[in-house]
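What you see is a predicted model, and the numbers here were worked out from it, not measured in a lab.
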Amino acid sequence: MPKPLVIVESPTKVKTISKILGSEYIVKSSVGHIRDLPRNTKSIPAEYTKEEILWGAVKPSEFENIYVIPEDRKKVVKELRELADKAPDVYLATDDDREGEAIAYHLKEALELKKEPKRIKFNEITEPAVLNAIENPEVIDIGKFKSYEARRTLDRMIGYEISPKLRDLGGAFISTGRVQGPAIRLIVEKEEERLRFVRSKYFEIEATCKTSDIEFVANLKSVKGNRIASSKDFDKKGKKINKDREYISEKDCNEILKILNSGSAKTSKIKETPRSGKPPKPLKTTSLQSSARNNLGFQPRKTMSVAQKLYQEGLITYMRTDSIRLSEIAIKAARKYISENFTKDHLPNEPNLYGDNKNAQAAHEAIRPSGDVFTEPKELLGKYKEDSDEYKLYSLIFNVTVASQMTEAKGITKSIEIELEDGTFGPIVLGISGTTWVFGGYRDLIKDLSEKSQELPDLTEGDLIDIINSSSEEKFTTPPNRYSSTSLINKLEELGIGRPSTYVSIIESITSVFINSESSLKPRILAIAMINNFMKPYFDLYIDYEFSKLMEDELDKILESNNPEEAKVKFLEDSYSKIKKHIEGYENA
DNA sequence: CAGTGAGCGAGCTTCCGCTTGACTT
């Protein structure tokens, strides 16, 4: 008996889905895209080499794309075609987003399916979700495919129109595109911000205080009823921006020290304010990269490759996602773990729900331990060593996921003020504060490692304090940090530029224009010239930080149009005439 | 006669996004 064929994108999914569908179905994967525009002139089919072709890939009439099966994808396509020929039905179960729809369409074409394939979608791999999808097949959404084509062609257009001009000026190893351009601009503008930055001097004063039985250090907070200025009270040009701050001079500083050293003080105000700590949000690609960078010291590339291993072992859900949504199953598993390992006060009455931002395509759920019962990190210790990258990253994913479903931490922040009277500067106020957590909530599972807690002395108002020593420190405001690969990726995501599957490769594609390590991206002069002397005067539109978001709006219109093909052609015509104007402006300058 | 240089044409590269695993350093 011939069996129906189900095609997914990722080989790892094949095993799980086979288990659900049983032996009645054959499940295979396309391993990503299987057709694309020709990569180079050599791969353009001979039949087209006589015609006029734009950007080595597109026929000028109606912007019809020439698609080819790249050499390294031919094997998988051949295999799938043989299976499809025998199958009574082909189910295309590619991801439920724009690229997934495109892969489905390309499969239909490349496999030369005679019978209309069944398009099915699920964004979590569970028995009900998969079975429900099989029972409710749809057809390929042409609107989505056309919006994909518009995106694909526009990217080729921008890259291949502008890059050669840029290369004429900058030599090999430099190129631009919808994503690369703004990414390089971010790095360049950060550097310029640093160069323009004017450092400002301010002072910090601290005093060692003593009561009958305890010694502690307090910081100078205010003089003459005004808070003393700190780094936040200067702008980037060194201007003093807060009228009600005391900008103390070195002379003031020395006088205050003298007063402190000779004076006696007493506690004036003790304030207790409640404080709550919110649990972390579930993880998506960018926040996983940030957490792994901050807590484990992993660079994004390393994080992704370790996560890939965990995914292929079936330990976590898909690691390239822009969604922080947890499925019902995940929430149940987290709540079960919490109720079995913590008190009932650690479990909120209702699950904590987290929403996605509006750029998200949300084809997958958040990154979390897989399954309906989470594997505890310690259960992995037979498989991985405690200091292995896999164990550390899995623990992080486990902890953040469970913590996201726990209750808030409740604490009290206590602040103590110590006052000295003085004719010139008085009242001089020293302060000390710290938080004690009354109820740990999620913090009983994970603690913010960067947080330092301070033991507070037990004082009451009116206590006499001896100041036994005081000192001052000259401080300077610091320019904003350069981007690291992690912070650049976060910024790109915020701007809607790039996708989870490409963040790491974006950084790698622009390495030729910056120097130093991954942790501090410093532009080469070539990059600065590219942005200021080439892109800004002639091609400003293509480094606009909003460009990708505006493109997405246009793609949505194509998707919703009654005639997506016509809408696509119109969009590309407009885009082409715009870029031709920019090119003309550059050539005639 | 050898060496120089102008002019011409052929051929190459470049984009973004989806997947691994083979490859090098």
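- Checked against B:dC12, B:dC16, B:dC18, the side chain of A:D95 finds its nearest nucleotide in B:dC18.
- Atoms CG (A:D96) and P (B:dC18) sit 13 Å apart, rounded to a whole Å.
- Of the residues near DNA chain B, A:R320 and A:D36, the one whose nearest nucleotide (by heavy atom distance) lies more toward the 5' end is A:D36.
- Considering only side-chain N and O atoms, A:T41 lies nowhere under 4.0 angstrom from the phosphate OP1 or OP2 of B:dG11.
- Distance from the side chain of A:R167 is smallest to B:dT13 among B:dT13, B:dG17, B:dT20.
- Residue whose closest nucleotide on DNA chain B sits further toward the 5' end, between A:I174 and A:I506: A:I174.
- When heavy atoms are screened at a 4.0 angstrom cut-off, A:S10 is found touching the sugar-phosphate backbone but no base atom.
- A:G498 comes within 4.0 angstrom of the backbone, heavy atoms only, and of no base.
- In this structure, A:S163 contributes its side chain and A:Y160 its backbone to no donor-acceptor pair below 3.5 Å.
- Looking at A:H33 and A:E9, their side chains never bring a donor and an acceptor atom within 3.5 Å of each other.
- Looking at heavy-atom distances under 4.0 Å, A:Y311 makes contact with sugar-phosphate atoms alone, never a base.
- Within 4.0 Å of A:T94, counting heavy atoms only, lies no atom of the nucleic acid at all.
- The CG-P distance, from A:L555 to B:dG17, rounds to 11 Å in whole Å.
- Atom C1' of nucleotide B:dT19 and atom NZ of A:K28 are separated by 16 Å, given to the nearest angstrom.
- For A:I162 and B:dC15, the CD1 to P distance is 12 Å, given to the nearest whole Å.
- Counting non-hydrogen atoms under 4.0 angstrom, A:R178 reaches the backbone sugars and phosphates but no base.
- Whole-Å rounding puts the A:Y105 OH to B:dG17 P distance at 22 Å.
- For the OP1/OP2 pair of B:dT14 and a distance below 4.0 Å, the side-chain nitrogens and oxygens of A:S175 include no atom meeting the criterion.
- Among the nucleotides B:dT14, B:dC16, B:dC18, the one closest to any side-chain atom of A:P164 is B:dT14.
- Using a 4.0 Å heavy-atom cutoff across all strands shown, A:Q312 reaches sugar-phosphate atoms only and no base atom.
- Side-chain nitrogen and oxygen atoms of A:Y318 include at least one within less than 4.0 Å of the OP1 or OP2 phosphate oxygen of B:dT19.
- Put simply, the side chain of A:K146 never gets that close to the backbone of A:A567: no donor and acceptor are under 3.5 Å apart.
- Side-chain atoms of A:R499 and base atoms of B:dC16 include no donor and acceptor less than 3.5 Å apart.
- Ring centroid separation for the pair A:F145 and A:Y148 comes in under the 6.0 Å cut-off.
- The CD atom of A:Q180 sits 9 Å away from the C1' atom of B:dC16 (whole-angstrom rounding).
- In this structure, the side chains of A:P11 and A:V31 come closer than 4.5 Å at one or more pairs of heavy atoms.
- The closest donor-acceptor contact from the side chain of A:D36 to the backbone of A:V68 lies at 3.5 Å or more, if one exists at all.
- For A:D97, counting side-chain heavy atoms from C-beta on, the closest listed nucleotide (B:dC18, B:dC15, B:dT20) is B:dC18.
- Among the heavy atoms of the strands lying under 4.0 Å from A:G32 is at least one base atom, whether or not backbone atoms are also near.
- Here A:Y503 lies out of heavy-atom contact (under 4.0 Å) with every strand.
- If you take CD1 of A:I66 and P of B:dC15, they are 19 Å apart, rounded to a whole angstrom.
- Spacing between atom CD of A:Q308 and atom P of B:dA22 amounts to 13 Å, rounded to whole angstrom units.
- Residue side chain A:R156 does not reach the base of B:dC16 through any donor-acceptor N/O pair under 3.5 Å, judged by distance alone.
- Checking A:E313 against A:Y394 by side-chain atom types alone, no donor-acceptor pair falls below 3.5 Å.
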